[in-house]
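Bear in mind the structure is a predicted one, so any value in this text is a computation, not a measurement. Side-chain atoms are counted along with the backbone in the values below, which use heavy atoms only and exclude waters and symmetry mates. The first residue in the sequence is number 1, and the count goes up from there.
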Amino acid sequence: MTDNSISTLDNISQATETTLPQTCSSLRTISRRLVRQLGMLNADGMPLHLSPVQAHALIEISNQELSVNQLAQQLNINKSNASRAVSQLCEKGLAQSRTNPRDSRSSLCKLTPQGKRQLKNLNQQQNTLYQQILAQLSAEQVSQLTDSLNQYSRAIAYAEQQQDFEIRSITPSDNPQIAQVIRSVSAEYGLTPDKGYGVADPTLDSLYQVYEMSDAHYWVITHNGKVLGGAGIAPLAGHDGVCELQKMYFSPSLRGKGFARRLALQALTFARNRGYQACYLETTACLKEALVLYEKLGFEHLNQPLGDTGHDACEIAMLLKL
């Protein structure tokens, strides 16, 4: 990295360090308040004084028989807590267990007729509560709330899946690994060098040097020291104020964990902080998942490409105003 590049990244990092903790603190406060307001810390008001864990277990085993391990996974709790909840439901006559025919060491739990009645009461109670809550909001606010909570839930799930991975700036020693990732993924999708795709770029084996300028950057995703994917941002030649999202490739082991969206958002944040007014990209129809992501991020289709990137086989050009 050049001194200017390091200085720029330091400034961006300082700005992020100032705002991110404030946002995290606010979100944590709201989450704690919701838990308390919805009575998730005690059993008061619950039919038959069910604990929160028992109530959640009652709901989960209403649709199908579940083993303790399966219930623990569904509720994101440890096995002992799940086993205790099942035992307590059985003691109350709300559930019953039987030996798992596929594994005699485990048992399957399902609701009893009394448990189904209890679940009906629980649902009616909760529906009444939420109807009263939603009555305070307009239809548009309810829709926004639903979308936001779904996004929040997905973000939590993705964050859990990304625990053991690292996103960091590219280093010179990463050049061979990220080049191999790009070649491997390109071959997987039939994006061969002879067809005018990015894999044919003569600079593919020296991406660190390509992105070391102050108004460009490249990030890699690693696991146990191994580079599994990456993406970069750089100015679009001949178009002042426009950058290009480039070289976004992920090994199969990274996919489905939310990394594409996270890295794209990180690149767009960098672009905004560098003063770019728009972000351009080129892709191809066979990369269906990437295309869906770009559209969700707000990229709009262009009738023709901008500039001359040399990737004439990428028939889809898109632009996002920043």
Side-chain angles (χ1 to χ4, degrees), residues 1 5-41 52 75-77 130 133-134 136-170 211 214-223 229-233 241 243 245 248 250 254-279 281 290 292-299 320-322:
M1 292 284 176
S5 178
I6 294 173
S7 176
T8 297
L9 290 175
D10 285 344
N11 291 336
I12 292 173
S13 177
Q14 290 172 4
T16 301
E17 288 175 359
T18 300
T19 58
L20 191 57
Q22 296 174 354
T23 303
C24 290
S25 179
S26 297
L27 187 56
R28 288 175 57 203
T29 298
I30 293 171
S31 296
R32 289 196 303 270
R33 187 186 307 145
L34 285 172
V35 168
R36 295 165 184 170
Q37 288 177 318
L38 294 173
M40 296 179 186
L41 297 180
L75 298 182
N76 195 26
I77 59 178
Y130 279 86
I133 294 172
L134 296 180
Q136 319 304 317
L137 305 172
S138 67
E140 182 180 1
Q141 289 174 322
V142 171
S143 178
Q144 291 174 346
L145 177 62
T146 303
D147 289 342
S148 296
L149 288 176
N150 280 327
Q151 291 174 18
Y152 189 23
S153 177
R154 284 195 296 270
I156 292 172
Y158 284 141
E160 291 175 350
Q161 295 181 64
Q162 296 172 8
Q163 288 284 329
D164 298 325
F165 297 82
E166 179 186 10
I167 296 179
R168 59 169 174 76
S169 302
I170 192 172
Y211 290 91
S214 62
D215 53 357
H217 203 74
Y218 197 91
W219 298 266
V220 294
I221 304 174
T222 68
H223 183 252
I233 203 91
C243 61
L245 184 62
M248 181 178 278
F250 299 103
L254 281 184
R255 298 171 199 167
K257 294 180 171 63
F259 277 113
R261 180 180 180 84
R262 178 178 173 181
L263 205 52
L265 289 173
Q266 186 163 323
L268 293 174
T269 297
F270 174 88
R272 291 187 180 94
N273 288 330
R274 292 298 298 125
Y276 288 109
Q277 284 84 52
C279 182
L281 65 82
V292 170
L293 170 65
Y294 299 144
E295 290 173 343
K296 287 184 176 179
L297 289 173
F299 280 87
L320 172 68
K321 294 182 179 179
L322 300 175

- Is the shortest heavy-atom distance from the side chain of C279 to the side chain of K321 under 4.5 Å? no

- Query: To the nearest 0.5 Å, how far apart are CG in L134 and CD in Q141?
  - Reply: 10.5 Å

- Query: With sequence neighbours left out, what residues match V292 under side chain to side chain contact (heavy atoms under 4.5 Å, CB included)?
  - Reply: K296

- Side chains of L281 and Y294: does their closest heavy-atom pair fall under 4.5 Å? yes

- Between E160 and N76, the two heavy atoms sitting closest are OE2-ND2, 3.8 Å

- Atom CG in L265, atom CZ in F270: separation rounded to 0.5 Å? 15.5 Å

- Could I get the full list of side chain to side chain contact (heavy atoms under 4.5 Å, CB included) partners for D164, not counting sequence neighbours? H223

- Query: Considering residues at least two apart in sequence or located in another chain, which fulfil the side-chain hydrogen bond (donor to acceptor under 3.5 Å, both in side chains) criterion with Y158?
  - Reply: none

Could you list the donor-acceptor pairs under 3.5 angstrom formed by side chains in residues 255-262, with sequence neighbours left out?
| residue | atom | partner | partner atom | Å |
| --- | --- | --- | --- | --- |
| R255 | NE | F250 | O | 3.1 |
| R255 | NH1 | E188 | OE1 | 3.4 |
| R255 | NH1 | E188 | OE2 | 2.8 |
| R255 | NH2 | E188 | OE1 | 2.9 |
| R255 | NH2 | F250 | O | 2.9 |
| K257 | NZ | S253 | O | 2.9 |
| R262 | NH1 | Q162 | OE1 | 2.6 |

- Item | Contacts of type ring-ring contact (aromatic ring centres under 6.0 Å, His included), residue Y276, not counting sequence neighbours | none

- Partner residues of A155 under the side chain to side chain contact (heavy atoms under 4.5 Å, CB included) criterion, sequence neighbours left out: none

- Who are the salt bridge (Lys or Arg N to Asp or Glu O under 4.0 Å) partners of R168, not counting sequence neighbours? D174

- Qualifying residues under side chain to side chain contact (heavy atoms under 4.5 Å, CB included), relative to S143, sequence neighbours excluded: D147

- Message: Nearest 0.5 Å, please: how far is OG1 in T222 from CG in L254?
- Response: 9.5 Å

- Can you sort out the partners of T146 under side-chain hydrogen bond (donor to acceptor under 3.5 Å, both in side chains), two or more places apart, ordered by chain and number? none

- Query: Mind checking whether Y152 and L27 have side chains closer than 4.5 Å, heavy atoms only?
  - Reply: yes

- Query: When rounded to the nearest 0.5 angstrom, what distance separates OG in S138 from CD in Q144?
  - Reply: 7.0 Å

- Taking the side chain from R272 and the backbone from A267, do they hold a donor-acceptor pair closer than 3.5 Å? no

- Task: Give, for atom CD1 of I233 and atom CH2 of W219, the distance between the pair rounded to the nearest 0.5 Å.
- Result: 6.5 Å

- Specify the closest pair of heavy atoms between L322 and A271, including all atoms of both residues, with the distance to one decimal. CD1-CB, 3.8 Å

- Task: Using side-chain hydrogen bond (donor to acceptor under 3.5 Å, both in side chains) as the criterion, list what pairs up with Q161, not counting sequence neighbours.
- Result: none

- Nearest 0.5 Å, what's the CG-CG distance between L245 and L320? 10.0 Å

- Task: Say whether S169 and Y211, considering side chains only, have a donor N or O and an acceptor N or O under 3.5 Å apart.
- Result: no

